[in-house]
Structure formats: structure tokens, C-alpha cells
2 protein chains.
Amino acid sequence: MAAGGRMADRSGDINMQVYDAPLRDMRFVLNELHADDGFGDIPALSEFTPDLTDAILEEAARFCRDVLLPINRSGDEEGCHLENGVVRTPAGFPEAYKQFAEGGWTALASDPEWGGQGLPEAVNKLVEEMICSSNLSFGLYPGLTHGATTAIEGHGSDALKQAYLPKMVSGQWSGTMCLTEPHCGTDLGLLRSRAVPQGDGSYKVTGSKIFISAGEHDLTENIIHLVLARLPDAPKGVKGISLFLVPKYLPREDGTPGQSNGVACAAIEHKMGLKASATCQMNFDDSIGWIVGEPGKGMAAMFTMMNTERVSVGIQGLGVGEAAYQAAAWYAKDRIQGRALSGPKYPDQAADPIIVHPDVRRMLMTMRAYNEGCRALSAWVSRALDAEKHSPEPEVRQRASDFIALMTPVVKALFTDLAFDSANLAVQCYGGHGYIRESGVEQYARDARITMIYEGTNGVQALDLVGRKLGAHMGRYLRSFFHPVSAFIEENNVDGPMKPMIEALAKAFGALQLSTATVAQRALKDPEEAGAASADYLRLMGLVAMGYCFAKATKIAGLQLFFGSEDKRFYDAKIKTATFFFERILPQATASFLAIKAGKKSLMALEDDVF
Amino acid sequence: MAAGGRMADRSGDINMQVYDAPLRDMRFVLNELHADDGFGDIPALSEFTPDLTDAILEEAARFCRDVLLPINRSGDEEGCHLENGVVRTPAGFPEAYKQFAEGGWTALASDPEWGGQGLPEAVNKLVEEMICSSNLSFGLYPGLTHGATTAIEGHGSDALKQAYLPKMVSGQWSGTMCLTEPHCGTDLGLLRSRAVPQGDGSYKVTGSKIFISAGEHDLTENIIHLVLARLPDAPKGVKGISLFLVPKYLPREDGTPGQSNGVACAAIEHKMGLKASATCQMNFDDSIGWIVGEPGKGMAAMFTMMNTERVSVGIQGLGVGEAAYQAAAWYAKDRIQGRALSGPKYPDQAADPIIVHPDVRRMLMTMRAYNEGCRALSAWVSRALDAEKHSPEPEVRQRASDFIALMTPVVKALFTDLAFDSANLAVQCYGGHGYIRESGVEQYARDARITMIYEGTNGVQALDLVGRKLGAHMGRYLRSFFHPVSAFIEENNVDGPMKPMIEALAKAFGALQLSTATVAQRALKDPEEAGAASADYLRLMGLVAMGYCFAKATKIAGLQLFFGSEDKRFYDAKIKTATFFFERILPQATASFLAIKAGKKSLMALEDDVF
């Protein structure tokens, strides 16, 4: 595991997934790393003391290990099945979901007004990570429900809130987002689903949607769909899109699910991975629904949900990356094969474990650095989510909101790219055994792969960052990130053991600043220049953000060691992982910088029909 | 397709794999690019004129498209099945194999003495690429047979050659390599299978082998296993290993398959991909076999086969990468979604095809550059394979052999790493549709994944390069590559349109030379330094080798355009792709260089039990 070397005992059985939540590192990013993040204290969350959040994290870790992990591989193997319009989730999923809801896990981060526990996002995101480490497919069911409740909370009428939120927060009902249609995904302006007002405040919604996660399943008694559709006289394009709440079963007066509502699952997809999550083709046929928000403002309502989801998808990636790392670390210590290049390190065994090999170390350290770097950055963003919602200071709320806007595409795309790399490094550590399904490790690669695609492909994230976020409010979003980094570098750029690290960070940050100016300038004249730079720019910003977190972590760890902390093992490992990041990962910033500098010309030179 | 924009018509059906061999680029690397490679003319191959090889390539392209491609996705979906000890390959495979053997495709590169056609490797490797583009799983069956015949040819007795080679070359019988055992893969010194001499020149072979590709199947009437095992009094470790030929059925006097030989398939693996290739657990139980080569020299005989196979695995990667590129290019032109950032490019359509987006271009150009770069390098290595075997000049044969020894790990690891990246970029171009199995594109990612692992993981390749190949014969292997690159740079580093490209190549080459010196020096004191640098060193060498090929290609293309070639479209695209490579891909050399420079310290710092 990331931070301590504890490891679930699997008695040498290669064919078993292992995962133990990296609680020590989680506590570090939650309580130590971002204490001075400039968002200040949040009185509304003061009841969530470290003691309390520790207890929650420990309980979540236990639940994930004991309930969700054991059905992860079997769920992948069995998949979902559609029979007579009903989706059957894999064995154990309904029971696990029942336990999950009854344990209050669906309500964790929701507003107490609707029965939620109002947990800080900074804690909730760590729980999300654990859930995704142990069972990504499972995590999607409550994850999407939470996204849907966010949209209803933000844009729905009081009547809708009263009728739906309590049951969704308790996990009794689940939610979906119905955006994509066969001919349109990224470009929702093309969508064709229709909603016709019935004169009584309700609408009849008709259309076909694809790629609907959790569109149909056997975990809850009702499913609440949020559906993008057009009103009869709506203008073309995205301005004509509204959002509708369409339940699978219409609630009766007493709130129990009543008659069925013309919502049908026509098919489920056969996918590369994420097989225990039902991806449905949904048909709405004169289904009764209610508008969420204003007519024509469906995209805004949907984006409330989407932005929340984008951060969560980044966390999904991190979760899978951590599970993959733990699998690889276990295997590298267990598998004996060959001898260390410098001579036998375990002479009493027939061979050394493969962890003695520098190239295996390179893979393990890379995964470890990715996971710790992402977790540190995610904790920073989560702190901002809490500050945005609860800080008493308007200026802090604004700054937090700016930072979230800037970092949402970075978290989504960077984390998922790196998670896929981690999963594949884990497969590589296993060698041939990693390619065999029973080992459970190739599942991580297949599961992680979707996170780079859904909720807006990583290319769309990069364009969002460069095209929308960079220039917004004269660079104000950017300042919410550049200022703390710049201040940290200035403050710490002094002679001492951290000097090489700070210099490397300053160099990468300089490249990011220069790239920002270059891209901004070029994009003014030619928007395609923004697109040409986008993926590399996002990566460069991500590397700088992780580097900043690692440098801060090193400073904190160094002080702890200096003052004789009892947790020497943890802080020492933190510094070593940070050092690895600076020596071996951060140099990739140069390649990104040079690619950005090259501009669009060589990308756009070939005629379309030559491809 | 890579070089011309021809594209199989699939009438807008997303759920269909497309592939058309990139014949124009193949002819370019075969006949134009390496004409001055210093290996000179090879009289023994003079009958293979461009007219003849063109005809062969075209015929192969047709066969691949018409026979192998249509059963690629269905083969993935159906997989292999083991029933009562017999493996059934997917529907269509036995028929396709029959056509393949009858068409003489199994005999293409084999020695005419055994019924082969003696085709130059330079042509054969292009055919291999096509086969792997259209159906990697299928390609493994004849591919492994070819590897096995190479080992028998090189080390077997005359009797064995006479008895087995003609039937294996004709495709009537197939071959396997049986190395891995459950507890040992990379470290074959640990293997336990035993061979007991029977006093009549035969042996009884007993043991369990895993991961045996094509260990059992229904394509041929007999299967010839090459099995690593120990003689009773053999020393421990790799020096005690010998190689044995063990047929599934013992041939009768008349050469037809007779009684069965105690060879049983106990299970087949459930894998991430490559599902139509049967990966078998094989048990040998007092199976009669004959030694191939000297006792205790099994590893040498196996490496004859393994080295051939390693180059072929690189080509497998390239094949899948090309198919993935073609799929992505097709989709990017077909899928309409959103508008170009600079305003509508196809205003008559509801939206623009996604190829207008710079980030989609980035992905397509990356795949294209990877494939063309790998194909160019592969053609150079293939020329060397022909020169090594057939050149009348001993010095040329030696130099060719040195170059092959150096480049084998590079081709294997670089091509397969890049192919996996290409396959995943193709999935990314497809967005959500790419994650759906029916689209056929995620199969490329799953299939390509194994090529980074088998025949020695890519980490093992990197260690082979740095640990064995660099220092061999005082750097002689290295000179076979450094000299031509250095001469080319010197010759072309003049003012003119190619100046920026040559300077970029010179810079990367300088980094490679410096890295070589650094690694050599450090490794003398500490062999773990070689391991710590290995993966990045291999990548750096691969980037330089591709850069050299692209620079040469640019020079040739420039001259063709200057002299008014009628094939302007091809040469123009070649220069644009090369320019993209230099601007957007080669800068990664800097990151590799810095990682190499960092050395082993941060890799090895953490204690084993902290992971």
C-alpha cells in the first residue's frame, strides 16, 4: 500500500485482488498537507474533527475491503445481464448495495436537509477513492445518484426536491444522467429527444439515449433519470436544451413507486471493462417528466452535475491506480525470479523477489508517485470544494470556486491518464501472469480505460482548460493556482536540502507560465492554436501541480523528521517518493513544453483525405 | 491508411474492422529508404525484383483483407474452447488456416531446401505486419511454427530436419516453444521439466509448461513442441537446460502422424485479449522426444528461435498499431460532432467530422508517425537479416549481425510500447464508442497488450540492450548503428530546408551518445545503474533510430518532389509526418535523457517492505 507497507494477507494466492486503503497517506493529505492552503478555517465543518474523520475513514476502509472488494473480479467475470427488459447485476451486488445504503454510505456527502450526513468533501473524496479502488463498477451506482441529487438540489423545484431527494440520498432510489444519443455525445447541440408540455406542469418525454450508466438495474426500487431534451419550439443547438426528471416508476401519493412510466432499457453494452456497471440504451416513450431548472437552461443544470462528476471521475482513476499499485507491490515482493544485478539479496531463497530489479522499482515508484501526487492534489481541490460551499468569507468562496473551475479538467484528465498508465505498469510487473484474467490485474487496465473517456473525453477536458478556463475573468482562475505556487517557491528557494527540488519546481513552473503566455497570445489570433496545445498544456499544469504538492509534502516531512516524529517510516518514504517524482517524472514537463511551443502547424499540415 | 488515404469501404458501419495494407509506404521502406544502408547488393536475392515483390505484397494484402480480417473480431468474441483435451479455435479459423497453408504463405520465408520460398526477410516482415494487422491471434499459429523451424534448422540433427521441416514449412504441422513453467518465466534457470535418455537416441520428457501459445488446436494434423528440460545429471541453473523436440503424435514410418505421445493440454488461459490464440497449459508425461543441439545447450538453441521471435513480436505490435490507426482515421473522418474551432469546415453538414479538431489530429498524427517510424526501422533491420544470411562479404555479414543483435531488443520493446499507445489513442478517438466491443477498436488495445510482455518483457529487452548489447565486443554492436547515423548527420548538416530536422536529430543523438558513456561508466562500478537506466535508454535509442529514418525519408521525399515525382501526394505526406515526429515526438528524448542522468538512487531508496 501507498504508505506503510501493510498488505492484506492473501496467502500467496496470485488469483486474488488485494486492497487496503492507504489510510496513513489519506490522513496526511487530509490533515497535514493543506493546512496552510489559504482557504482558512471552515466553522461549519468544525464538528468533523480528525478523530471523527479517522473513524469514518477506517470504517469505510473496512467496508470496502470486506464487502466491495470480494465481488470486484467476480463482477467483471459475470457482468450484467438484460432479461426481459430487466438488468440483473452480478452475484452479490444487490446484497452489497443494501448494506451500503443501510450503512449510510449513500448519504455521506449529502445535505443534512435531505437526510445526508454533510461530510466534508475533503473526507468524502477519500471514501470515493476507496470505493473505486475496491470496486469501480459498484461505485458508479451510488456515484451517479449523488451527481443527480446535486443537479436536483441546484436547479429543481421545491416539490421535486421534497419528492425525490430524501429517497435518493438514502439510497432507496438511484439516479442517472441521460445525455448521449447515438449520433451525439460531445456535441449535445445535435440532440433530438423531445419533451412536450402537458399543461399540468408535467411533460411527455420521448427519445433514445445511449451509454446510460445504471440506466436499469436491480439494486433499487426506483430509478430517477435526468434527461436532456428539447421543448417543441426550442431553438436549435444547445440553447434549446432543457433538463427533465423522469422516474422509472411514477411515485404514488404515499411516495412509493407506482405505475411504470414508459422508460425501457432496450439493450446493454458489451464493453472492454467496467462490466458490472450496466451501460444501457434507454428508450423514453411519452414518459412523464418534470423540468429541472428553466426551459433552455438544461445544459447549465447538467453542468452542475457534470462538474461534480468530473472531479469524481478523476478520483475513480486514482482509486484504480492505487489498487493496481498495491497489486503490483504485492506481486513484486512475492514473485521470486532471477537474482539482483548486484548479487543475491535473498540468498536463502531459490531466487530473489523481482522487487530487487531497478526496472521493477521504476514501475512501482512511478505508480506510487502518480497515486500520491494525485491524492495530494485531489485533497487540495476537495478543500476548495468545502471552502466554496461553507467558507464565511466571500473572497475565499470566490477563490475556491476559481480554483475548482481551473482544476476540474486537470483532475479529470490527468488522474485518469496516469491511472491507466499505473494499471498497465501493474500488468507489466506481473509479466505473463498479468495478462491472465484470473490474476485480477488486467481488469484494472480495462476498468480504468473508460475514465479517460466518459464525462467528456480527456481531449475535451484539455480544451475546456485552455479554451475556457485560462482566459476566464482575465486569468483570475489561473491566479488561484499560480499565486500559491509562486509564493511557495519564493519562500523556499533558499540554500538547504530542498534547493534542488525547489529549483526543479521553479523551472517547470516557469515553463508553464511561458506556455500560458504563448498559448494565450497565439489563441487570440487562431483558436486552433489552443486546441493544438491543449493536451500538453494540461499535462504540464498537472505536473507542476503535483510537483508543488510533493515539494510541500517534503517540507512537512522534513520538519517532522527533524523534530523526531515517531512516524519516521512514513515521512521518510514521502520524501523518497517526492525525490523520485522530481528526478524521474517531472522532466516530462520539458517534452510537454517543447510540444506546446511547436504550435499547430505540423498537426494540421496533412489534408483530411490523406489520413 | 498510412500512406495514401485509400480506405476499405465499410459503408458507414462503425461495427466493422477496416484494414488495407499500406502498400505504398511498404514499397517505400522496401525499395527506396534503405538503398544506401551499407549492406550492399545481395546477389542471392536478386531474383526478387520489385515487380515480383510488389506482386507478392499485393497478393498478401488481398489475402489478409479478404480472409484473415473478417474473422478477427468474431475470433475475439468467440475465443478458443477446450473440450475433452481438444482445443477448438473460433469459427472460420481452420478454413482460413487451410487456405493460408495451401496458398504457400507458411513457406514464404523458409529455406527452399525444406520447401520454402526463400523470400527476403525484408519482404517477409512486411507480410508479417499485414497478417498481424488483420488478425494477430491467427498470425501466432504460423508465426510460432516458423520460429520452431528456425531452431530445428539451426541446431537439429539431419534426421530431425528431414522428418519435421518439410511438413512444418508446408504448414501441415505446426510448432510451439515450451519454455515457461508456473514458477519460472524470465528466470529459466529454475525450470524443473526432466528428460531421461532411453538409450536409443530418444528421451522421455516429463513436465508441466504454461503459457504455451498454440500448444493445442485444430488447425494442423500434428503439433511439434520444442521443450526445454533437464537431463538427469544436469547441473543447476541455465547450463543444465537442453532442448527437445516432442511431437504431439509420433510420426509413423511413412511420415503420417501415428500414436499419441503423452502430450496433453490441461487447460487454456482466459486472457485480456489475443483470445483466438490458444494459450495452453501443457503436460508432458513420459513423452518421447529427441534432443535439438547439444546437451546443456538448450538455451542457445532456444535463443535462436527467441531472437527471431523478438523481432517478429515487434512487427506484431506495428501490425496492430497500423490497424488501430486506420480505424481511428476512418472514424475521425466519418463521425460528425461539433464544429472546427476556426468555424465550420463542412458547413453543408450538421457538424464537422472530428478530424478537424487539432487534438484529434494530434492523436492521428502520433499513431501515423509511430507506425511509419517503426516500419522504416523494421525495414532496416530486415535488410540486415537478409545481409547477415546472404551477403557475400564476411564483413557485411558481421556488421549486419551486430546491428541485428543491437536492434532486436529495441524493435521488440519500442514497437510494442508504441503500438499499445496507438491502440489506446485509437480508442480515444472513438470516444465512448471505442469502449464498446462491437466497435472492434478496443480489441486492438487488448491484443497489443501482450506484445509488451511475451518473448521477454520489455523490461527484459531493455536490460538485454544495456546489460549485454552495449558493451559487447568493446561497443562493436553499437558502432553498427552509431556510424551510419553520425555519417548521415555530418553529410546533411548544411544550410537548407532540412537544417532544423538535422539539428534536432544531432541533439538527440548527442544525448544518446552521452547517455551511453554515462551508463557504461556507472554500470562498471554498479550493475544496478544499468538496470536503472535501461528502459529510458532503450526509448532514447528508439527515438533516435526513428528520427534517423524520418530524416532519411525526408531527404528522399524532398528530392522526389524537387524532381517532379508523380507521387507528390505520398512524398509530401511523408515530409509532413516526419516534421510532426521531429516537433512533437522527438522532444521526449530530453525526458529520457534526464531520467537516465538521474541514476539509480531515487529508484532504490525505499526499503522493500515499505512498498
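Proteins come first, then strands; the chains are lettered A, B, ... in the order of their sequence lines, and each starts at number 1.
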Would you indicate whether the side-chain heavy atoms of Arg361(A) and Asp608(B) approach each other to under 4.5 Å? yes

Taking all heavy atoms of Ala462(B) and all of Leu538(B), pick out the closest pair and write down the distance. CA-CD1, 3.7 Å

Can a donor-acceptor pair be found, under 3.5 Å and without considering hydrogens, that links the side chain of Glu529(B) to the backbone of Lys600(B)? yes

Partner chain B: residue of Leu603(A), Leu594(A), Leu341(A) with the largest heavy-atom pair count (under 4.5 Å): Leu603(A)

Please flag which part of Phe581(B) lies under 4.5 Å from any non-hydrogen atom of chain A: side chain, backbone, both or neither. neither

Under 4.5 Å to a heavy atom of chain A? For Lys236(B) that would be neither

Using 30° and 60° as the class limits, which term best fits the ring planes of Tyr430(B) and Tyr331(B): parallel, tilted or perpendicular? parallel

Segment of Leu190(B) engaging chain A (4.5 angstrom heavy-atom cut-off): side chain

Side-chain donor-acceptor pair under 3.5 Å between Gln349(B) and Arg339(B), yes or no? no

Go through the atoms of Lys601(A) and report whether side chain, backbone, both or neither lie under 4.5 Å from a heavy atom of chain B. neither

Report the option among Gly189(B), Gly459(B), Ala350(B), Gly273(B) that has the most heavy-atom pairs separated by less than 4.5 Å from atoms of chain A. Gly273(B)

Side chain from CB out, backbone as N, CA, C, O: work out which of these in Tyr435(A) comes under 4.5 Å of a heavy atom of chain B, or both, or neither. both

Just do the side chain to side chain donor-acceptor pair (under 3.5 Å) check on Thr186(B) and Gln337(A) with the steps written out, would you? CA-CA 7 Å; Thr186(B) 300; Gln337(A) 196 79 179; 5.0 Å; no

Taking every heavy-atom pair that is under 4.5 Å apart, which of Val427(B), Thr457(B), Leu274(B) has the most such pairs with chain A? Val427(B)

Identify which of Glu269(B), Arg335(B), Glu607(B), His357(B) forms the greatest number of heavy-atom pairs closer than 4.5 Å to chain A. Arg335(B)

Side chain, backbone, both or neither of Ile336(B) within contact of chain A (heavy atoms, under 4.5 Å): backbone

Where on Ile354(A) is there a heavy atom nearer than 4.5 Å to chain B: the side chain, the backbone, both, or neither? neither

Region of Ser534(A) in contact with chain B, defined by heavy-atom distances below 4.5 Å: side chain

Counting heavy-atom pairs under 4.5 angstrom with chain A, the leader among Thr180(B), Ile210(B), Asn424(B) is Asn424(B)

Residues 581-593 of chain B vs side chain to side chain donor-acceptor pair (under 3.5 Å), sequence neighbours excluded, gives Asp536(A)-Arg584(B), Ser602(A)-Glu583(B)

Under 4.5 Å from any heavy atom of chain A, what part of Ile585(B) do you find: side chain, backbone, both or neither? neither

Which region of Val360(B), side chain (C-beta onward) or backbone (N, CA, C, O), has a non-hydrogen atom less than 4.5 Å from a non-hydrogen atom of chain A, or is it both or neither? neither

Less than 4.5 Å apart, any side-chain heavy atom of Asp609(B) and any of Arg569(A)? yes

Find out whether Lys597(A) and Phe593(A) are in side-chain contact, i.e. whether some heavy atom of one side chain is under 4.5 Å from a heavy atom of the other. yes

Below 4.0 angstrom, N of the basic side chain to O of the carboxylate: do Asp76(B) and Arg446(B) qualify? yes

Portion of Phe420(A) that has a non-hydrogen atom of chain B nearer than 4.5 angstrom: side chain

Donor-acceptor check, side chain of Asp359(B) to backbone of Gly531(A), threshold 3.5 angstrom: yes or no? no

Of the listed residues (Met363(B), Gln428(B), Glu442(B)), which shares the most heavy-atom pairs with chain A below a 4.5 Å separation? Gln428(B)

Which one wins on heavy-atom pair count under 4.5 Å against chain A: Arg449(B), Arg362(B), Lys271(B)? Arg449(B)

Of Ile355(A), Leu188(A), Thr579(A), the largest count of non-hydrogen pairs under 4.5 angstrom with chain B goes to Ile355(A)

Distance-minimising heavy-atom pair for Val610(B) and Ala573(A): CG1-CB, 3.8 Å

